[in-house]
Number of protein chains: 2
Amino acid sequence: MNVNFNNRDPVYLQIVRYFKEKIAIGELEPGEEIPSRRELANQMKVNPNTAQRAYKEMEEQGLIYTEKNHPSKITTDQNILGQVRNELLVEAVDVFVTSVRSINVPVEELLDLVRVKYTANDDKEA
Amino acid sequence: MNVNFNNRDPVYLQIVRYFKEKIAIGELEPGEEIPSRRELANQMKVNPNTAQRAYKEMEEQGLIYTEKNHPSKITTDQNILGQVRNELLVEAVDVFVTSVRSINVPVEELLDLVRVKYTANDDKEA
DNA sequence: ATAGGTGTATTATATGATTAATACACAATA
DNA sequence: TATTGTGTATTAATCATATAATACACCTAT
């Protein structure tokens, strides 16, 4: 469980993001139990309250659910789970396009840049 | 001079960004005078110190230069000016690819999403 | 029953970044 | 010369975030 926190975004949101990524790629399955607040705080070297805040956020978004005295679990709602990947994607594309539109770049140049950068490290994973 | 500030990023950096965009698309030319700190602060409804900090940042990056008792001017260094567009582009692509890589998206799906989103509002500008 | 593990809630403190409030030196000009 | 407009510097205040310190209710298993 290695997360690279940046200093800009709130840690608790980065934790939420971390779980969303795991969900998006199917590494976390419906109903699967996740670490308790205190345990996660230990693993991530973070204050328990920060972990709690992250989980609270996830609970409000319907990503996890909690039964009395048990660590939270990933939701079984396929509807929500299915949307996570798309949400992350759309959001990223949105931010990107917005930030780049003000520069008036030809589409093809833009797509080339993305393709090159994105496929640059394919040898590592292949 | 309408800038839409977001709440996440420091205002002074958003101002720097604003000028970089203008430079990137050639709307600000070499040697061109830009508003004084106080004037900019007025226009953007921002504290003069925030304007000052933005200008200081730009000065350190070599984007502008300042002569005694005169408003700063855009650098005439074509080298620096030429890099601005590329810097903005590369940075945006970098952030995008990084944020999206953890989701394992096929390249073509990704490029399609970008293309669609990017060309969506072409009718507005055409 | 008691010790330890859950989640949850409240309050206080620390910290760092950002913004704000002032003040200063200088030059031009009315 | 006195006012106004430059850039610059220093210090204070603000704000969001993160952390910390506790406390509580609940359950399980020793």
Side-chain angles (χ1 to χ4, degrees), chain A residues 1-20 23 28 30-77, chain B residues 1-20 28 31-77 91 95:
Chain A
M1 184 162 299
N2 25 342
V3 201
N4 294 325
F5 294 128
N6 67 59
N7 315 344
R8 281 233 74 73
D9 306 313
V11 171
Y12 81 98
L13 287 182
Q14 296 184 56
I15 294 176
V16 172
R17 163 92 192 184
Y18 171 82
F19 278 97
K20 284 189 177 177
I23 291 176
L28 283 175
E32 181 172 343
E33 186 174 302
I34 60 179
S36 79
R37 273 74 167 163
R38 293 174 176 88
E39 197 180 332
L40 185 84
N42 263 332
Q43 292 176 351
M44 291 190 170
K45 305 301 176 196
V46 147
N47 191 280
N49 296 307
T50 304
Q52 159 64 4
R53 186 158 182 196
Y55 279 23
K56 187 181 178 186
E57 178 72 22
M58 291 197 277
E59 187 124 35
E60 283 169 357
Q61 293 187 25
L63 295 173
I64 64 176
Y65 65 96
T66 311
E67 291 161 340
K68 272 230 179 254
N69 295 303
H70 286 278
S72 303
K73 296 174 183 171
I74 303 295
T75 184
T76 57
D77 186 330
Chain B
M1 184 159 303
N2 25 341
V3 202
N4 294 325
F5 293 129
N6 67 60
N7 314 346
R8 281 233 72 74
D9 305 313
V11 171
Y12 80 97
L13 286 181
Q14 296 184 57
I15 295 175
V16 172
R17 162 93 191 183
Y18 171 83
F19 278 97
K20 284 188 178 178
L28 283 176
E32 182 172 343
E33 186 174 302
I34 60 180
S36 80
R37 274 75 167 163
R38 293 174 175 86
E39 195 179 335
L40 185 84
N42 263 332
Q43 293 175 352
M44 290 190 171
K45 308 298 177 197
V46 145
N47 190 281
N49 295 303
T50 304
Q52 159 63 5
R53 184 154 184 197
Y55 279 23
K56 188 181 177 187
E57 178 73 22
M58 291 195 278
E59 187 125 32
E60 283 168 358
Q61 294 187 24
L63 295 173
I64 64 176
Y65 64 97
T66 311
E67 290 160 341
K68 271 230 181 257
N69 293 303
H70 286 279
S72 303
K73 296 175 182 171
I74 303 294
T75 183
T76 57
D77 186 331
E91 189 180 303
V95 170

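Every chain is numbered from 1, with letters handed out A, B, ... down the list of sequences.
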Can you run down the ring-ring contact (aromatic ring centres under 6.0 Å, His included) pairs that involve residues 32-51 of chain B, sequence neighbours left out, and say none if there aren't any?
-> none
Please list all pairs passing the ring-ring contact (aromatic ring centres under 6.0 Å, His included) test where one or both residues lie in residues 32-53 of chain B, with sequence neighbours left out.
-> none
Closest nucleotide of DNA chain D for A:Lys68 versus for B:Ile34: which of these residues is on the 5' side?
-> B:Ile34
Rounded to the nearest 0.5 Å, the CD atom of A:Glu57 sits from the OH atom of A:Tyr12 at a distance of 5.5 Å
If you round to the nearest 0.5 Å, how far is CZ of B:Arg17 from CZ of B:Phe5?
-> 13.5 Å
Going by number, which of residues 47-66 of chain A have a non-hydrogen atom under 4.0 Å from DNA chain C?
-> A:Asn49, A:Gln52, A:Glu59, A:Thr66
For residues 69-77 of chain B, which residues have at least one heavy atom under 4.0 Å from DNA chain C?
-> B:Asn69
Separation of [N] [atom2] from [X] [atom1] (nearest whole Å):
| X | N | atom1 | atom2 | value |
| --- | --- | --- | --- | --- |
| A:Ile15 | D:dT17 | CD1 | P | 14 Å |
| A:Asp9 | D:dA18 | CG | C1' | 14 Å |
| A:Arg37 | D:dA20 | CZ | C1' | 19 Å |
| B:Arg8 | D:dA16 | CZ | P | 11 Å |

Residue pair A:Thr76 / A:Gly31: nearest heavy atoms and the distance that separates them = CG2-N, 3.7 Å
Minimal non-hydrogen separation, A:Val16 against A:Ala54, with atom names = CG2-O, 3.6 Å
Exercise answer: donor-acceptor pairs, residues 35-42 of chain A side-chain atoms, under 3.5 Å, sequence neighbours excluded:
from	atom 1	to	atom 2	distance (Å)
A:Ser36	OG	A:Glu39	N	3.1
A:Arg37	NE	A:Gln52	OE1	3.0
A:Arg37	NH1	A:Ser72	OG	2.5

DNA chain C: first to last nucleotide in contact with chain A (atom under 4.0 angstrom from a heavy atom), 5' to 3', is C:dG5 to C:dT18
For A:Asn6, does its backbone N or O pair with a side-chain atom of A:Gln14 as donor and acceptor, under 3.5 Å?
-> yes
Which residue pairs pass the salt bridge (Lys or Arg N to Asp or Glu O under 4.0 Å) test with at least one member in residues 60-71 of chain A, sequence neighbours excluded?
-> A:Glu67-A:Lys73
List for me each residue that meets side-chain contact (heavy atoms from CB on, under 4.5 Å) alongside A:Asn49, sequence neighbours excluded, and say none if there are none.
-> A:Asn47
For B:Thr75, enumerate each residue passing the side-chain contact (heavy atoms from CB on, under 4.5 Å) test, keeping only those at least two apart in sequence or located in another chain.
-> B:Asp77, B:Ile80, B:Leu81
Difference in axis direction between the ends of the helix from C:dA1-D:dT30 to C:dA30-D:dT1, five pairs, 10° = 20°
With sequence neighbours left out, write down each residue that passes salt bridge (Lys or Arg N to Asp or Glu O under 4.0 Å) with B:Arg8, or none if nothing qualifies.
-> A:Asp9
Please figure out whether B:Leu13 or A:Ser36 has its closest DNA chain C nucleotide nearer the 5' end.
-> A:Ser36
Side chain to side chain donor-acceptor pair (under 3.5 Å) filter on B:Glu59, not counting sequence neighbours, yields B:Thr66
